[in-house]
Structures are given as C-alpha cells and as structure tokens.
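Structure first, commentary second.
Computed from a predicted structure; not experimentally measured. Both ligands and their constituent atoms are indexed starting at 1 by order of listing.
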Amino acid sequence: MMTEEIKIFSPATVANVACGFDVLGFCLDTIGDEMVIRKTEEKGIKITKIEGYDLPFEAEKNVAGVSALAMYDALQPDCGFEIEIYKKIKPGSGIGSSSASAAGSVFGMNELLGRPLDKTKLTYYAMKGEVLASQCEHADNLAPAIFGGFTLVKSASPLQILELPTPSDLFATLIHPQIEIKTSESRAILPKEIPLSNAITQWANVGSLVHALHTSDYDLIKDALHDVVIEPYRKQLIPHFDAVKTAALEAGALGCAISGSGPSIFMLSKSEATAKEVEKTIRNVYSTTDILFETYVSKINTEGIRVI
Ligand SMILES: Nc1ncnc2c1ncn2[C@@H]1O[C@H](COP(=O)(O)OP(=O)(O)OP(=O)(O)O)[C@@H](O)[C@H]1O
Ligand SMILES: N[C@@H](CCO)C(=O)O
C-alpha cells in the first residue's frame, strides 16, 4: 500500500477587487482551509473526511471532487487519490470557499504526481469544480489562490492569467457577516447590459489599479478602488454595507468594496496599523446590530496555496 500524502493550506481570496468583476483577485494569508491529499492503490477519487461545514462527500457533488476528477480523467495516473477537507472558510462567504477546495485538490494531486502541470493548467482543472458552485466558469478566486498575490484573468477561454505585483505595505481588512449569499444568486440579480458611461469609468479604474500596483502608487490605488457597475445592485444584499464603507474610509482605508459576490466586505490599507484601525471601526458598526460577524486583518499572500 502506498502511503504518500501531503497536507496543504488553501487560502481564502478576494475576487473582483472593486472594479475588476470576474477578472481581478488577490490572495489572503490568515484565512484558509487545510486539506490532506493521499495517493491510493485503488483507482479513482474519494472524499474521505470533511470537517467544519456540512458538504457532500460524493466527488461529483463537491467542488474539490469535481476539479480532481477533471484532472484525473485527463492525466489517467496509475493510482487513485483520497481527499480530506478541513474547511475553515464558510461556504457562501464571498472569500472563495469553493475555490479553496477546487484549487486544493488539484494542487495536492499535482504535487504527489511530481508536478506534471503548470499553474495555469491547475487553474483550468480547478475551474471545472468552481462551475458546480457558481454555475459559470470564472477564475478570479482560483488564480490568486494558485498563483498568490494579485492576478488578472486576461481570458477565461483560452485561459490566460497575468500575475500583478503586490506593493509591500498593502494590508487587507475583512468583515464577514455570518449570512450566506450564494454566488449563483448574486449573479442572477445583475443587469445583462450596462450604460457606456459606467463602462468607461470601470475600465479606467481597472487600468489605473493595475498601473498603481506596478508603481506602488497608493494614491492611485485609492482613486481606482471604485465599482460603479456591480456594487449598486449587490450592496442591497449586504446589511449595513454603506455604513461599513463610510466608517472604513473615515478610518483611513484606501478603498472598500464587496468581496467576490458577498456578503464579505474588504478594505485595503497602506500599513498593518491602519488595517487594524479600520478593523476596529467596522466592528463598531456591526456591534450595534444583532448580526453575527467575523473580522480579519491579513497581509497579501504572495505565495498562494502551499504545502504545510
Ligand atoms: N468543497 C466545497 N467548499 C465550499 N462549497 C462547496 C464545496 N462543494 C460544494 N460546495 C457548494 O458551493 C456553494 C458555495 O459556493 P459559492 O461560490 O456560492 O460561495 P463562495 O465560494 O464562498 O463564494 P465566492 O466565490 O463569492 O467567494 C455552496 O452551495 C456549497 O454547498
Ligand atoms: N467574480 C465572481 C466571484 C464570486 O465567485 C462574482 O462576483 O460573481
């Protein structure tokens, strides 16, 4: 019996980054799932353990299993794999819970097989799992989970991912109200068409943010972190969104927007001290309500998913 196994940390991620719906994302450091991937003599993919949240064990119904099966069918290795999921990221959180699982299984299998695939190919197979959760193929959580740092999905088909630089003083603050918003549902409320004037503002912001990351221009990051296309629709799903945003900006955050499809809200700040001050302020907003919530401060994880 083979006993090869590895344990990995599969990070939470922030998709969209305000202006870059479905294309921009960044990787978090202090929040993520753990997974164990094990080679077996018996062929096929089995999910043998799930802790933390109630998720399906059938490989075809769990994003970790679906992405693993897609990669397995393509590579046809002469072994099988068992997957254990220690889920810390609540499903439907807006910080890439499904992506962490989809990325984790393919990353772990690739390590155990001697790394036959590059990161873009891993993202490609992980996308097959992500479809199960959100009912569409997008890689804006998967790319930062697998590559680390900030990423831009230049094209989903054929898949092309650009790695963007991470200014060293940038820190993220997050608030996660403990309500569930399914990605599929928060996509369904979006308009199919947008006014040209909003499109112009939005693509100017995406270009500016990418330039600002390359030049570590924090003032330009602040100018670019706006979302005139998606936020007006989705913020209605998130209690006290406007109050959190106002408080975060007053406390010194460079910007504040919905993380992925919500309900989590993220802020970026220049320095860990400011990010912590922002955390204190937004906790005050939610403390006056009866909604349970968690907050986090994290540096940007430039390594991405890793063996632990
Ligand atoms: N391994 C898994 N981890 C998380 N969710 C899973 C998993 N397998 C299946 N799912 C299903 O996927 C859905 C959650 O995915 P969804 O994309 O809505 O949330 P999310 O990943 O937290 O959000 P976002 O992509 O906006 O950050 C739930 O219905 C959940 O049951
Ligand atoms: N870009 C996606 C991320 C959520 O998975 C969305 O906002 O719907």
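Tested against D140 for a side chain to side chain contact (heavy atoms under 4.5 Å, CB included), the candidates V14, N16, L24 yield a single pass: N16. No option in K88, K90, E180, K87 other than K87 meets the side chain to side chain contact (heavy atoms under 4.5 Å, CB included) test with S97. Tested against E82 for a salt bridge (Lys or Arg N to Asp or Glu O under 4.0 Å), the candidates K43, K39, R38 yield a single pass: R38.
E185 does not count as a contact of ligand 1, since none of its heavy atoms falls under 4.0 Å from the ligand. For A15, the heavy-atom gap to ligand 1 stays at 4.0 angstrom or more.
At a heavy-atom distance under 4.0 Å, atoms from both the backbone and the side chain of S93 approach ligand 1. Residue-level proximity to ligand 1 for L55 is carried by the side chain, the only part with a heavy atom below 4.0 angstrom. Within the 4.0 Å heavy-atom criterion, the part of R234 lying near ligand 2 is the side chain and not the backbone.
Polar contact check, E180 against ligand 1: no nitrogen or oxygen pair lies under 3.5 Å apart. The N/O atoms of K182, backbone and side chain alike, include none that comes under 3.5 Å of an N/O atom in ligand 1. Not one N or O of E130 is nearer than 3.5 Å to an N or O of ligand 2, by distance alone. Considering backbone and side-chain atoms alike, N62 places an N or O below 3.5 Å from some N or O of ligand 1. Where the criterion is an N or O separation shorter than 3.5 Å, residue side chain and backbone included, L132 fails it with respect to ligand 1. At least one N/O-N/O distance between G92 and ligand 1 falls below 3.5 Å. Residue contacts with ligand 1: S98 is placed with a nitrogen or oxygen under 3.5 Å of a nitrogen or oxygen of the ligand (distance criterion only). Remark: ligand 1 and S99 share no N or O pair separated by less than 3.5 Å (distance only, no angle test).
Atoms of ligand 2 lying under 4.0 Å from at least one heavy atom of T183, given by number and element, are 4 (C), 5 (O), 8 (O). Near D22, the atoms of ligand 2 lying under 4.0 angstrom from a non-hydrogen atom of the residue are 1 (N), 2 (C), 6 (C). Below 4.0 Å from some heavy atom of N141 lie the following atoms of ligand 2, by number and element: 3 (C), 4 (C), 5 (O). Below 4.0 Å from some heavy atom of N141 lie the following atoms of ligand 1, by number and element: 25 (O), 27 (O). Close approach to S261 involves these atoms of ligand 1, each under 4.0 Å from a residue heavy atom: 26 (O). Close approach of ligand 1 to I95 is summarised as follows: ligand atoms under 4.0 Å from at least one heavy atom of the residue are 27 (O). When each atom of ligand 1 is checked for a heavy atom of T183 under 4.0 Å away, the hits are 16 (P), 17 (O), 18 (O), 19 (O), 23 (O), 24 (P), 25 (O), 26 (O). Contact atoms of ligand 2 toward F21: 6 (C), 7 (O), 8 (O) (distance under 4.0 Å to a heavy atom of the residue). In the vicinity of G96, heavy-atom distances shorter than 4.0 Å reach the ligand 1 atoms 21 (O), 24 (P), 27 (O). Close approach of ligand 2 to G260 (heavy-atom distance below 4.0 Å) involves ligand atoms 7 (O).
Under a cutoff of 6.0 Å and an axis angle of 45°, K121 and Y124 form a cation-pi pair. A cation-pi contact, defined as under 6.0 Å to the ring centre and within 45° of the axis, is absent between K245 and F241.
With 3.5 Å as the limit, one finds no donor-acceptor pair spanning the side chains of S264 and S93. Defined by atom type and a distance below 3.5 Å, a donor-acceptor pair is present between the side-chain atoms of S98 and E130. If you check the side chains of E84 and Y86, you find a donor sitting under 3.5 Å from an acceptor. T183 and S261 share a side-chain donor-acceptor pair at under 3.5 Å. T13 and N141 form a side-chain donor-acceptor contact under 3.5 Å, judged by distance and modelled atom types alone.
Between E185 and R187 no salt bridge is recorded (no basic side-chain N to carboxylate O distance below 4.0 Å). With respect to the salt-bridge test (charged N to carboxylate O, under 4.0 angstrom), the residues K299 and E272 do not qualify. With salt bridges taken as basic N to acidic carboxylate O contacts below 4.0 Å, none links K276 and E279. The pair D29-R306 meets the salt-bridge criterion, with a side-chain N (NZ, NE, NH1 or NH2) lying under 4.0 Å from an Asp/Glu carboxylate O.
Residue, atom and distance of the protein heavy atom nearest to atom 7 (C) of ligand 1 are V63 CG2, 3.5 Å. In terms of protein heavy-atom proximity, atom 8 (O) of ligand 2 is nearest to R187 NH1, 2.6 Å. Looking from atom 5 (O) of ligand 2 to the surrounding protein, the closest heavy atom is H138 CE1, 2.9 Å.
Distance check for atom 11 (C) of ligand 1: every protein heavy atom is found at 4.0 Å or beyond.
Atom CZ of F171 is surrounded by more than 12 heavy atoms from other residues, nucleotides or ligands within 6.0 Å. Atom OH of Y53 sits in a crowded spot, with more than 12 heavy atoms from other residues, nucleotides or ligands closer than 6.0 Å.
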